[in-house]
There are 2 protein chains.
Amino acid sequence: MNTLAEENYLKAIYKLASLTENVSTNQIAASLETKASSVTDMLRKLSDKTLINYTRYQGVSLTEAGEKVAINIIRKHRLWEYFLVEKLNFKWDEVHDMAEEMEHISSNELIDRLDEFMGFPKRDPHGDPIPDCNGQFKTNDLKPISALAVSAGGIISGVRDHTSVFLQYLEKQGLIIGKKIMIKEVISYDNTVVLQMDNKTLQISREVANNLLIAI
Amino acid sequence: MNTLAEENYLKAIYKLASLTENVSTNQIAASLETKASSVTDMLRKLSDKTLINYTRYQGVSLTEAGEKVAINIIRKHRLWEYFLVEKLNFKWDEVHDMAEEMEHISSNELIDRLDEFMGFPKRDPHGDPIPDCNGQFKTNDLKPISALAVSAGGIISGVRDHTSVFLQYLEKQGLIIGKKIMIKEVISYDNTVVLQMDNKTLQISREVANNLLIAI
DNA sequence: TCATTTTTTTAGACGAGTCTAAAAATAATA
DNA sequence: TATTATTTTTAGACTCGTCTAAAAAAATGA
Ligand SMILES: [Mn+2]
Ligand SMILES: [Mn+2]
Ligand SMILES: [Mn+2]
Ligand SMILES: [Mn+2]
């Protein structure tokens, strides 16, 4: 059907499209750690397969067919992550790279049965919604902690950064999904956020606050 | 580490080596449904990586390193097949092609945890032994039914042909792993084998008898 | 043994996916 | 608006894995 490289491009475009309507060549290159010239080549190929809308210098968007493929890859990624954590007892910071490979296992029958085997989970270990077999899922209506005002609060429900080093830091601080937090203060000097959790006070940097998502 | 193509070549060489000591270029080409010239190219590459012993026109054998890689791929293949049948309720004739993809998932930690999750199974759905995490496994001491004399018998314990069409045929005839059979007669005209199973008599062709393995 | 057949290797090409360097188009700014 | 800076595309090359066609080596057998 589609090659591994094509699938990775479609997924990257899908994720970038949630931020900006039309995705640029350079954005894709940065996201896939490749060169703009390589991206241009691939865009022509994906365009020929009518998986993206592409006109030179104009940026790209996914077609309906392309979006369907992208969502299916994300579905696989998140279900495998869930499997690795819930069934094989990996930690949430260990599963992303493995899922990056497993999301390309082609069989849909397999992934549907995996979904059923695990009881149709709704969220992956990082709080991201898992699309169902028709590609439907609730969009995450989450805000970064950095967007909250003082005395506002909520429940930790997702992360923007899936790297092992970030997730391990959160774990160490006890900042895991499901925890309730409240903003006590934002230090104006460097935007450090002081927050309350479990009757404890702790400080997180602006950068961490940007990458930690709260359900309000 | 090794590419997908390299892994498939190593696995093919390993399987062919169980039949003949030194494996020929043409044998590999046939087994992988590719051309002899492609095989020669890959052999040079695998030789450079010291995964095979290769001298021109002489055929190949795996080095210790190459054999280790091959056994690990087979371990992954069989564990995934077991998973698909035992956990996701696929039938034994449905899992081979999926496992062909899954055997290339790289993480050994993952496969070791999968092994543990399933209780360290010793045989895959087709009766083939599953190597443990050190590559150890009992060699299958099985004979094809066609090698048995009249009035000899045993327990169906493996298959030589993993194609869906063959396995479905066996299933339909009730010739599944664990069943006890006994040879009643071999018809000399075409070597059709008449056998007894569950107080029933049934006939199988020479070809089927060649591909159905018995523990004696 | 020597000619013929078979097997294996080499030579040269191709597509996929990538790269660097340079050109073209677009955006920013003086 | 004209010039400069940035972004994007093109041109040409490379690796990987494959192919066909042809040459070389090995096996067969008259
Ligand atoms: Mn992930
Ligand atoms: Mn995730
Ligand atoms: Mn198999
Ligand atoms: Mn098997």
Side-chain angles (χ1 to χ4, degrees), chain A residues 1-17 19-62 66 69-70 73 100-101 103-104 106, chain B residues 1-17 19-62 66 69-70 73 100-101 103-104 106:
Chain A
M1 195 61 205
N2 301 304
T3 68
L4 190 141
E6 286 167 352
E7 289 192 347
N8 284 334
Y9 274 87
L10 291 172
K11 188 175 63 151
I13 294 166
Y14 179 85
K15 295 208 164 178
L16 292 167
L19 309 170
T20 48
E21 200 54 52
N22 255 35
V23 179
S24 78
T25 300
N26 266 1
Q27 280 179 296
I28 299 168
S31 150
L32 292 174
E33 295 181 273
T34 184
K35 303 294 163 171
S37 55
S38 308
V39 174
T40 301
D41 287 346
M42 181 58 89
L43 294 184
R44 228 186 27 258
K45 196 153 55 134
L46 293 173
S47 184
D48 289 348
K49 296 179 85 170
T50 64
L51 293 166
I52 59 172
N53 306 114
Y54 172 57
T55 38
R56 268 153 63 262
Y57 295 102
Q58 237 50 60
V60 293
S61 61
L62 294 176
V69 173
I73 298 161
E100 228 28 51
E101 282 185 68
E103 72 192 7
H104 302 287
S106 59
Chain B
M1 194 62 204
N2 301 304
T3 67
L4 190 142
E6 286 167 352
E7 290 193 345
N8 284 333
Y9 274 87
L10 291 172
K11 188 176 62 151
I13 294 166
Y14 179 84
K15 296 209 163 179
L16 291 168
L19 309 170
T20 47
E21 201 53 52
N22 255 35
V23 178
S24 77
T25 300
N26 267 1
Q27 279 179 296
I28 299 168
S31 150
L32 292 174
E33 294 181 274
T34 184
K35 303 294 162 169
S37 55
S38 307
V39 174
T40 301
D41 288 346
M42 182 58 88
L43 294 185
R44 228 187 27 257
K45 196 154 55 137
L46 292 174
S47 184
D48 289 348
K49 295 178 85 168
T50 64
L51 293 165
I52 59 171
N53 306 114
Y54 171 57
T55 38
R56 266 151 66 263
Y57 295 102
Q58 239 49 61
V60 293
S61 61
L62 294 176
V69 173
I73 297 161
E100 258 338 85
E101 282 184 67
E103 70 191 8
H104 302 290
S106 58

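Numbered from 1 within each chain, the chains take letters A, B, ... in sequence-line order. The structure presented is a predicted model; accordingly, all values stated were derived computationally and were not measured.
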May I ask you to decide if B:Q58's main-chain N or O and B:N22's side chain share a donor-acceptor pair within less than 3.5 Å? yes

Separation of C:dT18 atom P from A:I28 atom CD1, nearest Å, is 12 Å

What is the distance from atom CD1 of B:I28 to atom CG of B:N8, rounded to the nearest 0.5 Å? 12.5 Å

How close or far is atom P of D:dC19 from atom CD of B:E33, stated in whole angstroms? 11 Å

Nearest-Å distance, CD (B:Q58) to P (D:dA26)? 7 Å

Take the protein atom CG of B:L4 and the nucleotide atom P of C:dA16, then report the distance between them rounded to whole Å. 17 Å

Heavy-atom pair with the smallest gap, counting every atom of B:M1 and B:E6: O-OE1, 4.4 Å

Looking at B:T40, I'd like to know whether one of its side-chain N or O atoms comes within less than 4.0 Å of OP1 or OP2 on C:dT9. yes

Find the distance B:R44:CZ to C:dT9:C1' and express it as a whole number of Å. 9 Å

Base of D:dT7 paired with side chain of A:S24 (donor-acceptor, under 3.5 Å): no

Supply the atom-to-atom distance A:L16 CG to A:L32 CG, rounded to the nearest 0.5 angstrom. 8.0 Å

Between C:dT10 and B:R56, is there an OP1 or OP2 to side-chain N/O distance shorter than 4.0 Å? yes

Tell whether A:S37 reaches the base of C:dT20 with its side chain through a donor-acceptor pair below 3.5 angstrom. yes

Is any side-chain N or O of A:Y9 closer than 4.0 Å to OP1 or OP2 of C:dT18? yes

With a 3.5 Å distance limit and no angle check, can you tell me whether B:E101 reaches the backbone of A:S106 through a side-chain donor-acceptor pair? yes

Measure CD/B:Q27 against P/C:dT9 and give the value in whole Å, please. 13 Å

Go nucleotide by nucleotide along DNA chain C from the 5' end; which of A:E6 and A:Y57 gets its closest nucleotide reached first? A:E6

So does B:Y54 get a side-chain nitrogen or oxygen closer than 4.0 Å to the phosphate oxygens (OP1/OP2) of C:dT8? no

How many Å lie between CE on B:M42 and P on C:dT9, as a whole number? 14 Å

Any B:N26 side-chain nitrogen or oxygen under 4.0 Å from OP1 or OP2 of C:dT6: no

Please give, in whole Å, the distance from D:dT9 P to A:L43 CG? 7 Å

When you check the phosphate oxygens OP1 and OP2 of D:dT9, does a side-chain N or O of A:T25 lie under 4.0 Å from one of them? yes

Does A:T34 or B:A36 map to a spot on DNA chain C nearer the 5' end, using the closest nucleotide for each? B:A36

